[in-house]
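Below: one structure, written as structure tokens.
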Amino acid sequence: MECNIAEKLRVYFIAGSNNCLNHEIQEVLEEALKGGATLFQFREKGPGALQGEDKEVLARRLLALCHQYDVPFIVNDDVALMLKINADGLHVGQEDGDLEHIREKTKGKLLGISAHTLEEAKKAVALGADYLGVGPIFPTETKRDAREVMGGNVLEQLRANDLTIPLVAIGGITAENAHIAIRAGADGVSVITAISHADHPQQATRNLVEAVSHSK
Ligand code: 3NM
């Protein structure tokens with residue numbers, strides 16, 4: 001799959017089955033893909049999250065859907081599942097295990113690492129991350145253990161320190177505030193709520209695509 005990572009980060013939709021309030025996840029994802037989502041992360045976590053075979057079946061279904069739209073499918077924090085279904089990549093947080101070992105296991109795949117400080121970012125770059133997720137930029141209801149809200153500060157700091165790695169901003173991002181993250185140095189925005197809770201996920205995605213384009 002042809003992959004300019006910074007371009008793929010423009011509107012990065014993240015969801016698990018329990019994030020989708022108004023429609024089934026498959027329906028929400030298809031709408032997001034039609035609306036122009038550039039990357040998808042399957043994050044099946046928290047209360048009511050599917051496990052084992054149910055999780056794998058859903059992952060395979062969503063992967064096939066993404067590939068119909070030529071959009072890469074990333075698995076959150078489950079190397080075994082990523083390898084088993086031959087997904088396009090993996091995203092992990094700082095607490096998700098031995099990052100060096102994870103990079104080894106994901107050779108040839110996209111690896112995204114969450115970073116919240118310059119130090120974490122430098123370490124992730126040294127490990128060979130393909131992109132960094134930076135947040136929370138704004139307050140978020142979705143991740144209960146999110147760190148302190150940082151606005152655009154850390155993004156600006158990473159760029160000021162010559163980190164050229166593709167960056168995606170996360171946490172409380174909407175079409176209305178996305179410009180703050182892009183102007184601070186992010187290549188794109190990743191969202192859960194702004195698409196998965198929307199009455200019209202396709203339009204919500206389109207709004208994000210436009211907001212990112214207009215901020216560049
Ligand atoms: N990671 P929403 S914030 C999954 O700060 C995640 O690393 C974050 O969801 C971080 O778009 C977050 O609903 C939740 O705010 C993003």
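Positions are given from 1 along the sequence. Order of listing sets the numbers, starting from 1, for every ligand and every atom in it. We use all heavy atoms of the structure for the numbers below, so side chains are in, but hydrogens, waters and symmetry mates are not.
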Checklist outcome for this item: So ring pair (Phe, Tyr, Trp, His ring centres under 6.0 Å) across residues 85-139, not counting sequence neighbours, yields Tyr12-Tyr131, His91-Tyr131
Checklist entry - Could Asp78 and Arg43 be called an ion pair, given the rule that one side-chain N must be under 4.0 Å from one carboxylate O? => result no
Checklist entry - What does the list of residues with a heavy atom under 4.0 Å from ligand 1 look like, ordered by chain and number? => result Arg43, His116, Gly135, Pro136, Thr140, Thr142, Lys143, Ile170, Gly171, Gly172, Val191, Ile192, Thr193
Next on the checklist: Please determine whether a side-chain nitrogen of the Lys or Arg among Arg206 and Glu210 lies less than 4.0 Å from a carboxylate oxygen of the Asp or Glu.
Outcome noted: no
Item to check | Step-by-step side-chain hydrogen bond (donor to acceptor under 3.5 Å, both in side chains) determination, Glu7 to Thr38 | outcome: CA-CA 8 Å; Glu7 282 297 309; Thr38 48; over 6 Å; no
Checklist entry - Does Thr193 have any side chain to side chain contact (heavy atoms under 4.5 Å, CB included) partners at least two apart in sequence or in another chain, and if so, which? => result Thr142, His197
Next on the checklist: Under the rule for side chain to side chain contact (heavy atoms under 4.5 Å, CB included), what residues qualify as partners of Ala211, not counting sequence neighbours?
Outcome noted: Ala175, Ala178
